[in-house]
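Treat the numbers as computed from the prediction; the structure is a model and nothing was measured.
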Amino acid sequence: MTAQQETRPHAAAKPVRWAADAVATMREGARVRLDYSAQSLWRVDRMIDEIRREGPPYAAVESALRGFGAYAGEVVVRQTGAEWWATGRDHWIRTPDGRLWDPIDEARRCFAGHGSLRLLCRDATAPG
């Protein structure tokens with residue numbers, strides 16, 4: 001285990017793995033490099049938009065969307081020191097200023113044409 005993994009709360013375990021899986025899938029499948037920067041979320045938003053335009057059923061892309069949302073959450077965590085929180089099957093992040101964010105749901109909203117992981121990151125990293 002790395003020092004970072006040892007100090008992360010237990011709630012981070014699944015989202016960190018989902019984010020890493022999304023990074024690997026994008027690198028290997030789409031030849032897109034994701035580096036956990038806010039700028040990389042432009043690429044993720046575009047990828048979700050492309051998937052949406054292809055018209056697959058939600059069930060077919062649910063796990064990819066979860067990974068994209070977890071990736072966006074990790075971008076915010078790394079930039080702000082936010083922490084992952086979990087209740088049952090739901091995961092969200094709490095930024096140091098106490099605000100709560102649900103990047104996984106935001107990825108679902110992106111797929112529906114009503115969200116943006118880039119804008120969520122911008123808002124979450126802005127002073128509250």
Side-chain angles (χ1 to χ4, degrees):
M1 274 196 160
T2 67
Q4 183 181 11
Q5 288 172 322
E6 291 171 3
T7 62
R8 305 275 311 256
H10 178 71
K14 287 182 179 179
V16 168
R17 185 177 67 241
W18 296 332
D21 289 348
V23 169
T25 299
M26 290 292 287
R27 181 183 60 242
E28 295 163 11
R31 302 280 187 240
V32 173
R33 185 172 180 276
L34 299 178
D35 60 3
Y36 293 94
S37 68
Q39 296 83 1
S40 69
L41 293 173
W42 282 92
R43 286 180 236 129
V44 175
D45 277 348
R46 279 196 308 265
M47 181 62 65
I48 294 172
D49 191 45
E50 288 175 23
I51 293 169
R52 180 172 44 83
R53 279 193 240 131
E54 291 172 7
Y58 175 76
V61 296
E62 182 177 11
S63 126
L65 294 172
R66 182 185 66 199
F68 289 145
Y71 173 79
E74 271 299 292
V75 170
V76 174
V77 165
R78 292 174 184 208
Q79 288 194 3
T80 67
E83 289 187 344
W84 281 101
W85 290 75
T87 302
R89 296 176 54 121
D90 295 326
H91 292 80
W92 67 92
I93 54 174
R94 179 186 295 265
T95 48
D97 59 13
R99 294 180 294 167
L100 296 174
W101 305 89
D102 190 342
I104 295 171
D105 187 57
E106 189 68 13
R108 293 181 194 118
R109 289 175 42 77
C110 290
F111 181 68
H114 308 295
S116 168
L117 294 172
R118 176 185 58 83
L119 295 178
L120 177 136
C121 180
R122 183 198 67 190
D123 293 346
T125 58

Discussion item. Checking side-chain polar atoms at under 3.5 Å, does Trp84 have a donor or acceptor matched by the opposite partner on Glu74?
Written reply: yes
Non-hydrogen atoms of [X] and [Y] that approach each other most closely:
{"X": "Pro56", "Y": "Val61", "value": "CG-CG1, 3.7 Å"}
{"X": "Ala72", "Y": "Pro103", "value": "CB-CB, 4.3 Å"}
{"X": "Ile93", "Y": "Ala82", "value": "CB-CB, 4.5 Å"}
{"X": "Pro15", "Y": "Ala70", "value": "O-CB, 3.3 Å"}
{"X": "Met47", "Y": "Ala30", "value": "CE-CB, 3.8 Å"}
{"X": "Asp102", "Y": "His91", "value": "OD1-O, 3.6 Å"}

Discussion item. Under the rule for side-chain hydrogen bond (donor to acceptor under 3.5 Å, both in side chains), what residues qualify as partners of Asp90, not counting sequence neighbours?
Written reply: none
Worksheet item: Among all residues two or more places apart in sequence or in another chain, which pass the side-chain hydrogen bond (donor to acceptor under 3.5 Å, both in side chains) test with Arg27?
Response: none
Practice prompt. Following the transitive rule for hydrophobic clusters with a side-chain heavy-atom cut-off under 4.5 Å over Ile, Leu, Val, Met, Phe, Trp and Tyr, establish whether Val16 and Leu41 coincide in one cluster.
Written response: no
Worksheet item: Are Trp18 and Val75 joined in one hydrophobic group, where the rule is that I, L, V, M, F, W and Y side chains link up if heavy atoms are under 4.5 Å apart?
Response: no
Can you list the residues that meet the salt bridge (Lys or Arg N to Asp or Glu O under 4.0 Å) rule with [X], with sequence neighbours excluded?
{"X": "Arg109", "answer": "Glu106"}
{"X": "Asp105", "answer": "Arg108"}
{"X": "Asp49", "answer": "Arg52, Arg53"}
{"X": "Arg89", "answer": "none"}

Practice prompt. Just jot down the side-chain contact (heavy atoms from CB on, under 4.5 Å) partners of Pro57, sequence neighbours excluded, or say none.
Written response: Ala60
Worksheet entry | Residue list, side-chain contact (heavy atoms from CB on, under 4.5 Å) with Ala20, at least two apart or on another chain | Tyr36
Practice prompt. Measure the spacing between OG1 of Thr80 and CG of Asp97 and express it to the nearest 0.5 Å.
Written response: 8.0 Å
Worksheet item: Rounded to the nearest 0.5 Å, how far apart are CD of Gln79 and OG of Ser37?
Response: 7.5 Å
Fill in: Aromatic ring pairing Phe111/Tyr58, orientation class (parallel under 30°, perpendicular over 60°, tilted between)
tilted
Worksheet item: How does the hydrophobic cluster around Trp85 look, that is, which other residues are in it when side-chain heavy atoms under 4.5 Å mark a link?
Response: Trp92, Leu100
Sequence neighbours left out, cut at 3.5 Å: what donor-acceptor pairs do the side chains of residues 113-126 make with other protein atoms?
{"unit_1": "His114", "atom_1": "NE2", "unit_2": "Ala112", "atom_2": "O", "d": "3.4"}
{"unit_1": "Ser116", "atom_1": "OG", "unit_2": "Asp45", "atom_2": "OD2", "d": "2.7"}
{"unit_1": "Ser116", "atom_1": "OG", "unit_2": "Arg118", "atom_2": "N", "d": "3.4"}
{"unit_1": "Ser116", "atom_1": "OG", "unit_2": "Leu119", "atom_2": "N", "d": "3.1"}
{"unit_1": "Thr125", "atom_1": "OG1", "unit_2": "Cys121", "atom_2": "O", "d": "2.8"}
{"unit_1": "Thr125", "atom_1": "OG1", "unit_2": "Arg122", "atom_2": "O", "d": "3.3"}

Worksheet item: Under the ring-ring contact (aromatic ring centres under 6.0 Å, His included) test, which residues partner Trp101, sequence neighbours left out?
Response: none
Worksheet item: Can you pull the side-chain hydrogen bond (donor to acceptor under 3.5 Å, both in side chains) pairs that have at least one residue in residues 60-72, sequence neighbours excluded?
Response: Ser40-Tyr71
